[in-house]
2 protein chains.
Amino acid sequence: MFSQTVEYALRAVVWLAYNHPESLTTQEIARSTQVPAGYLSKVLQGLARAGLVQAQRGLHGGFSLALSPDELSILDVVNAVDPLRRISRCPLGLATHAKRLCPLHKRLDDSMAMIEKTLSESKIAELLNVPAAATPLCDAPPVPRRAPLTVTARRKR
Amino acid sequence: MFSQTVEYALRAVVWLAYNHPESLTTQEIARSTQVPAGYLSKVLQGLARAGLVQAQRGLHGGFSLALSPDELSILDVVNAVDPLRRISRCPLGLATHAKRLCPLHKRLDDSMAMIEKTLSESKIAELLNVPAAATPLCDAPPVPRRAPLTVTARRKR
DNA sequence: AGATAATTGGATAATTATATCCACTTGATG
DNA sequence: CATCAAGTGGATATAATTATCCAATTATCT
């Protein structure tokens, strides 16, 4: 339903939000969120182009959230990397249905609208309050800033 | 959001429902719904395996709806060809989140649940009442049964 | 200025989704 | 029982998505 890319982008943004306004390297984010580093780099580029994230090149560079976590919705992230496509015109290109979608496509589009609304109302900030004092993604406790490349204790599977 | 396959399957089912309990050949359905015939054949096979549609081989064969249009929901069709995957386990495989999803994935799964509910409540029968006396999909007027291979008047693009 | 650590962008590979084709089987009909 | 129109299943092609790799660029630190 949601693409892999969206899943990855959301993980990255949540992790950046959790460490806001800290800046983290692609490697750090990749490790914490279990996203393939090479691919994550592309995803982050997309988020940067959309202005959701700020890139800092060079030594001690990395990425940081460009907006406050409560100004940023899940929908913003989704639309930045893999836009939710509403059905605005008849997919069959029928003249008859140009002004008003046929019931099938109307219904499908309504579902999209519903999702769009829900996701736009879900702010990233809301995703950070974890009841059990656990970190949002990641089993490990909050990583100390600029920690060396410690291997996260990881259960197999 | 919804795959091409789902879109095709829904078009086929709606068209079959519209002609219910008539049986239509793959070619006829393909023409009316603008779905590539070769691919539609696979999609219909899937629908047949799921029991939503009945295949009749041999001369004067074709496909017909196996259930009444008001017993069949959009969700049934979606699940038959490209199941809506709910998020039941933590996508990161985190032990901590085994019992309770982290807020991000909870929220995403809630969206899925919402869609699932909406689509399960949308019966195919409801998609057939078109206000303007137009056919559900397809510009053409209701095709006379067993019509010869007339070319549907089609605007370019 | 040189060394180092980081992102950037381009090329490419692997995988999955979409689509086509064809030989085979099935069943109705004359 | 021969014929022919239809679905079936397998092989294969094409396109899009996901993923990897590396040379080039940029910024920081000493």
Inset, instruction - Return yes if the base of D/dG7 and the side-chain atoms of B/K42 contain a donor-acceptor N/O pair under 3.5 Å, otherwise no. - result: no

So, does [X] get its side chain near the phosphate of [N], meaning an N or O under 4.0 Å from OP1 or OP2?
X     : N      : answer
B/Q27 : D/dG7  : no
B/S3  : C/dA17 : no
A/Y8  : D/dT18 : no
A/Q45 : C/dG9  : yes
A/Q56 : C/dA5  : no
B/T25 : D/dA6  : no

State which of [options] makes the closest approach to the side chain of [X].
X     : options               : result
A/P36 : C/dT29, D/dA19, D/dT8 : D/dA19
B/T5  : D/dT20, C/dT18, C/dT8 : C/dT18
A/L59 : D/dT8, D/dC29, D/dA19 : D/dC29

Inset, instruction - Could you tell me the separation between the CZ atom of B/F2 and the CZ atom of A/R85, rounded to the nearest 0.5 Å? - result: 11.5 Å

Inset, instruction - First locate atom OG of B/S73, then atom CG of B/L127, and finally report the distance between them rounded to the nearest 0.5 Å. - result: 10.0 Å

Please give, in whole Å, the distance from [N] [atom2] to [X] [atom1]?
X     : N      : atom1 : atom2 : answer
B/Q34 : C/dT18 : CD    : C1'   : 17 Å
A/E28 : C/dA6  : CD    : P     : 7 Å
B/L44 : C/dA19 : CG    : P     : 14 Å
A/F2  : D/dT18 : CZ    : C1'   : 18 Å
B/E7  : C/dA19 : CD    : P     : 11 Å
B/H60 : C/dT26 : NE2   : C1'   : 14 Å

Inset, instruction - Return the 5'-most residue of the pair A/G58, A/Q4 with respect to DNA chain D, ranking by each residue's nearest nucleotide. - result: A/Q4

Inset, instruction - For A/T26 and for B/Y39, find the nucleotide of DNA chain C with the closest heavy atom, then tell me which residue's nucleotide is more 5'. - result: A/T26

Legend entry - Closest-nucleotide ordering on DNA chain C, the 5'-leading residue of B/D82 and B/R57: B/D82

Legend entry - Audit row: A/Q34, B/L94, side-chain contact (heavy atoms from CB on, under 4.5 Å) steps and yes/no: CA-CA 10 Å; A/Q34 297 187 35; B/L94 300 180; 3.7 Å; yes

Inset, instruction - Run the salt-bridge test on B/K123 and B/D70 with the 4.0 Å N-O cut-off and return the result as yes or no. - result: no

Legend entry - Worked check of side-chain hydrogen bond (donor to acceptor under 3.5 Å, both in side chains) between B/D82 and B/T5: CA-CA 7 Å; B/D82 191 2; B/T5 304; 5.7 Å; no

